[in-house]
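For the numbers below, each heavy atom of this structure counts, side chains included, while hydrogens, waters and symmetry mates do not. Predicted, not measured: the structure shown is a model, and the values here were computed from it.
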Amino acid sequence: MAILKRSFYLKEDVVGIARDLIGKHLFSSAGGIITGGMITETEAYAGVTDRASHAFGGRRTARTEVMYSVGGTAYIYLCYGVHSLFNVVTNIEGIPHAVLIRAISPTKGLPEMLQRTGKAAPGKGFTDGPGKVTKALGIHFSETGLDLTAGAKERDGRSIWIEDPGTVIPASAIEVSTRIGVQYAGEDALLPYRFLYRGKK
DNA sequence: CGGCCGATCCACT
DNA sequence: GTGGATCGGCCGA
């Protein structure tokens, strides 16, 4: 597998990147322990014109500043005071596009993921939500701003990266729908910006 | 500085 | 199906 290069993240079509991230593999290294899995659910957040985005209207705050970083940067924030949500920043520096990783299918480091989540076995509902993905991978919102293109090179004992297994996911295996939990976004809540991997079809 | 709220999850009915 | 947890960020005063 090859680590996704900067060029993958620099494209301006954030919705296309969200779709292309389905089937890629997300990895996390913490203190030498590597965990990861295939990305099976994503959502695109289209920056200043998207009411559901934290950067809507060009808002810049200490938290959202990371969204304006160069594509290939991790934007991780705390949601509901409990969950760290992991996003991939896309597009060139200055354009706050991002893709939320909502679910993965575990492929590496399963024992560690079970330990972190307090589960006995990876049944349904194991890593099928954005808060559960970060918990299983040991990702914390304090790690926002990490460079996703640095590979397994650790910074402060942590690193996060995405690899391309080279497998082609047919369009028929990807389901498109509206985003979750963004009712407040008005008509933007109706945009088809959510992608789910469906094994067969 | 005070108050409200969230790109969620889980326990409980 | 529903409501509570839980706390940083954001906004208004």
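As rounded to whole Å, 14 Å separates atom C1' of dG12(C) from atom CZ of R59(A). Spacing between atom OH of Y75(A) and atom P of dG9(C) amounts to 10 Å, rounded to whole angstrom units. Atom pair E41(A):CD and dT8(B):P shows a separation of 10 Å (rounding to whole Å applied). The interatomic distance linking M67(A) (CE) with dC10(C) (P) rounds to 11 Å, in whole Å. Here the C1' atom of nucleotide dA11(B) and the NZ atom of K119(A) are 13 Å apart, to the nearest Å. We find that OH of Y77(A) is positioned 11 Å from P of dC10(C), with the value rounded to whole Å. For the pair L100(A) CG and dG6(B) P, the computed distance is 16 Å after rounding to whole Å. The separation between F126(A) atom CZ and dC9(B) atom P is 13 Å, rounded to whole Å.
Within a 6.0 Å sphere centred on CD of E12(A), other residues, nucleotides and ligands contribute 12 heavy atoms or fewer. Atom CD of E65(A) has more than 12 heavy atoms from other residues, nucleotides or ligands within 6.0 Å.
Of the C1' atoms belonging to dG3(C) and dC5(B), the separation is 16 Å, rounded to the nearest Å. Using P as the reference atom, dG1(C) and dA7(B) are 23 Å apart when rounded to the nearest Å.
Distances shorter than 4.0 Å separate some side-chain N or O of T61(A) from OP1 or OP2 on dC10(C). Between R194(A) and dA7(B) there is no side-chain polar atom (N or O) within less than 4.0 angstrom of OP1 or OP2. Between Y193(A) and the phosphate of dA7(B), there is no side-chain N or O to OP1/OP2 separation shorter than 4.0 Å. Phosphate contact (OP1/OP2 of dC10(B), side-chain N/O of K132(A), threshold under 4.0 Å): present.
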Dot-bracket for DNA chain B, 5' to 3', counting Watson-Crick or G-U wobble pairs under 3.5 Å, with [ ] for crossing pairs and | for inter-strand pairs? ||||||.|||||.

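The CG atom of L78(A) sits 11.5 Å away from atom OG1 of T144(A), with the distance rounded to the nearest 0.5 Å. I34(A) contributes atom CD1, which lies 5.0 Å from atom OG of S29(A) (distance to the nearest 0.5 angstrom). Considering CD1 of I101(A) and CG of L85(A), their distance stands at 10.5 Å, rounded to 0.5 Å.
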Do nucleotides 1-7 of chain C as a string where each nucleotide becomes B, S or -: B if the base has a protein heavy atom under 4.0 Å, S if just the sugar-phosphate does, - if no protein is that close. -----BB

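Under a 4.0 Å N-O distance rule, the pair D147(A)/R6(A) qualifies as a salt bridge. A salt bridge is absent between K24(A) and E163(A); no separation between the charged side-chain nitrogens and carboxylate oxygens falls under 4.0 Å.
Listed candidates were dA7(B), dC9(B), dC11(C). Nearest to the side chain of P130(A) is dC9(B). The side chain of C79(A) has dA7(B) as its nearest neighbour among dC10(C), dC10(B), dA7(B). Closest to the side chain of Y45(A), out of dC9(B), dA7(B), dG8(C), is dA7(B).
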Any chance you could lay out the side chain to side chain donor-acceptor pair (under 3.5 Å) test for H54(A) and Y75(A), step after step, and finish with the verdict? CA-CA 11 Å; H54(A) 292 161; Y75(A) 169 52; 2.8 Å; yes

Assess whether salt bridge (Lys or Arg N to Asp or Glu O under 4.0 Å) is satisfied between E43(A) and R179(A), documenting all intermediate values. CA-CA 7 Å; E43(A) 283 179 1; R179(A) 293 171 292 184; 5.4 Å; no

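Within 4.0 Å of R63(A), counting heavy atoms only, lie sugar-phosphate atoms of the nucleic acid but no base atom. Within the 4.0 angstrom heavy-atom criterion, only backbone atoms of the sugar-phosphate kind lie near L85(A); the bases stay farther away.
Distance alone, capped at 3.5 Å, is enough to place a donor-acceptor pair between the T117(A) side chain and the M113(A) backbone.
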